[in-house]
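Every value quoted in this text rests on a predicted model; they were computed, and no experiment measured them.
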Amino acid sequence: MSRDLFAENKKIADANNVLLKKHGVTAVDIMGSIGSGKTLLIERMIEKVIGKKRVGVIVGDVTGDDDYNRIRQHHVPVVNINTGKECHLDAHLIEHALEELDLENIDILFVENIGNLVCPADFALGCDRRGVVISVTEGEDMVRKHPLIFQIADFVVINKVDLARYMDVDINHITQDLNRIAPQRYFLTDARHDQGVDELVQWLIWENE
C-alpha cells in the first residue's frame, strides 16, 4: 500500500513540475520544524526579490491561517493549505493549490511545508529545489537525529545564529554533522535581523537562473 502511495505521489509531483516548467516557474519547497523561522525567511526573500521577480507562495499548516496572513501583507499571491491531521504536504495538495494561482504571472514559487523534520522528506511536491530550515534553538543534534530530510534536501539554512551563544550551541558542530551526513550547500542566517539572507537569495534565485 505504501509503495503505491509513494509511487502515485511521485507521478503527481512529476506532473506538477512539468506544469511549473511550462509556465517558467521556479518552485522551492521550504521544510523545517515549527519555530525554525521558515515564514520569516520567506518574507525576507520576498522583500529582496519583489520588483525583480514575480513571487507566489503556498503555505502549509495543519490548521489555521496565521502564516498565510503574514504572507498576504507582502501583496503577493498566496494559497493556504490546511492538512488537518496530516503532518506534511503532498503532491496532490500542491496540484490543487496550483489551480488557484495564475502561474503565467509568477516567476518564483515558495512552498512552506508543514513544520516537522520527518514526514515531508518522503513526499516530493514537484519543486525544483528542496531546502531545510533549522534553528540553533533546536540544539546541536538536529542533523544527527533526522538525517533523511537533510540528505534529500538541496540546501540547508541554519537560522537564528545570533542566539547560538545564549543557547550554548556551537554552530561548528552542526556544520560538521552536515558535512559528514548530508554535505549540501548550507547558509547561516539571522532572518529577524536580515543577516545572511542576501547570500541565500543570490545562490537560490540569481545564480541558478
What's the spacing between [X] [atom1] and [Y] [atom2] if we round to 0.5 Å?
X	Y	atom1	atom2	answer
L19	I94	CG	CD1	12.0 Å
K85	T83	NZ	OG1	11.5 Å
L204	F155	CG	CZ	5.0 Å
T137	M142	OG1	CE	9.0 Å
E95	D90	CD	CG	10.0 Å
R129	I30	CZ	CD1	11.0 Å

Q | Within residues 37-52 or reaching into it, pairs that qualify as side chain to side chain donor-acceptor pair (under 3.5 Å) - sequence neighbours excluded | A | T39-D67, T39-E112, E43-R70, E43-H74, R44-E47, K48-D194, K48-D198

(Q) I need the full list of side chain to side chain donor-acceptor pair (under 3.5 Å) pairs touching residues 146-159, with sequence neighbours left out, sorted by first then second residue. (A) N159-T189

Kindly write out the residues that satisfy side chain to side chain contact (heavy atoms under 4.5 Å, CB included) with [X], not counting sequence neighbours, or none if the list is empty.
X	answer
V49	K53, V55, V201, I205, W206
N80	V59, D65, Y68, N82
Q184	A182

Grouping I, L, V, M, F, W and Y whenever their side-chain heavy atoms are under 4.5 Å apart, do [X] and [Y] come out in a common cluster?
X	Y	value
V79	I108	no
L109	I46	no
V25	I81	yes
L20	L93	yes
L200	I134	no

Q: Name all residues meeting the side-chain hydrogen bond (donor to acceptor under 3.5 Å, both in side chains) criterion together with R144; count only those two or more places apart in sequence or in a different chain, and write none if there are none.
A: D177

Q: For R192, check side-chain hydrogen bond (donor to acceptor under 3.5 Å, both in side chains) against everything at least two apart and list the hits.
A: none

Q. For D141, which residues count as a salt bridge (charged side-chain N to carboxylate O under 4.0 Å, His left out) partner, sequence neighbours excluded?
A. K145

Q: Test V161 against Q195 for side-chain contact (heavy atoms from CB on, under 4.5 Å), laying out the working first.
A: CA-CA 9 Å; V161 294; Q195 301 295 314; 6.0 Å; no

Q: Run the numbers on R185 and E199 for salt bridge (charged side-chain N to carboxylate O under 4.0 Å, His left out), then give the verdict.
A: CA-CA 11 Å; R185 182 68 184 265; E199 182 183 1; 3.7 Å; yes

Step through the shown structure and confirm whether more than 12 heavy atoms of other residues, nucleotides or ligands are within 6.0 Å of [atom1] on [X].
X	atom1	result
L163	CG	yes
D102	CG	yes
R72	CZ	no

Q: Starting from the C-alpha separation in whole Å, work towards a yes-or-no answer on side-chain contact (heavy atoms from CB on, under 4.5 Å) for V156 and V143.
A: CA-CA 10 Å; V156 176; V143 179; over 6 Å; no

Might you point out which heavy atoms bring [X] and [Y] nearest each other, and give the distance in Å?
X	Y	answer
S135	G35	CB-O, 4.4 Å
A124	A13	O-CB, 3.6 Å
C127	A27	CB-O, 3.5 Å
C87	P120	O-CD, 4.0 Å
V136	A164	CG2-N, 3.8 Å

Q) For Y186, what residues pass the ring pair (Phe, Tyr, Trp, His ring centres under 6.0 Å) criterion, not counting sequence neighbours? A) none

Q: With sequence neighbours excluded, give me every salt bridge (charged side-chain N to carboxylate O under 4.0 Å, His left out) pair touching residues 23-34.
A: D29-R130

Q.
Can you pull out every disulfide bond (SG atoms under 2.5 Å apart) where at least one residue sits in residues 12-58? Sequence neighbours excluded, please.
A. none

Q | side-chain contact (heavy atoms from CB on, under 4.5 Å) evaluation trace for E86 with I114 | A | CA-CA 9 Å; E86 297 299 328; I114 306 298; over 6 Å; no

**Q.** Close side-chain approach of N16 to L125, heavy-atom, < 4.5 Å
**A.** no

Q) Side chains of I152 and M31: closer than 4.5 Å at any heavy-atom pair? A) yes

Q) Are I58 and L98 close enough, and set up right, to give a side-chain contact (heavy atoms from CB on, under 4.5 Å), and what steps lead you there? A) CA-CA 9 Å; I58 296 173; L98 293 177; 4.2 Å; yes

Q: Enumerate the residue pairs fulfilling ring pair (Phe, Tyr, Trp, His ring centres under 6.0 Å) with a member in residues 88-137, sequence neighbours excluded, ordered by first and then second residue.
A: F6-F123, H88-F123, H92-H96

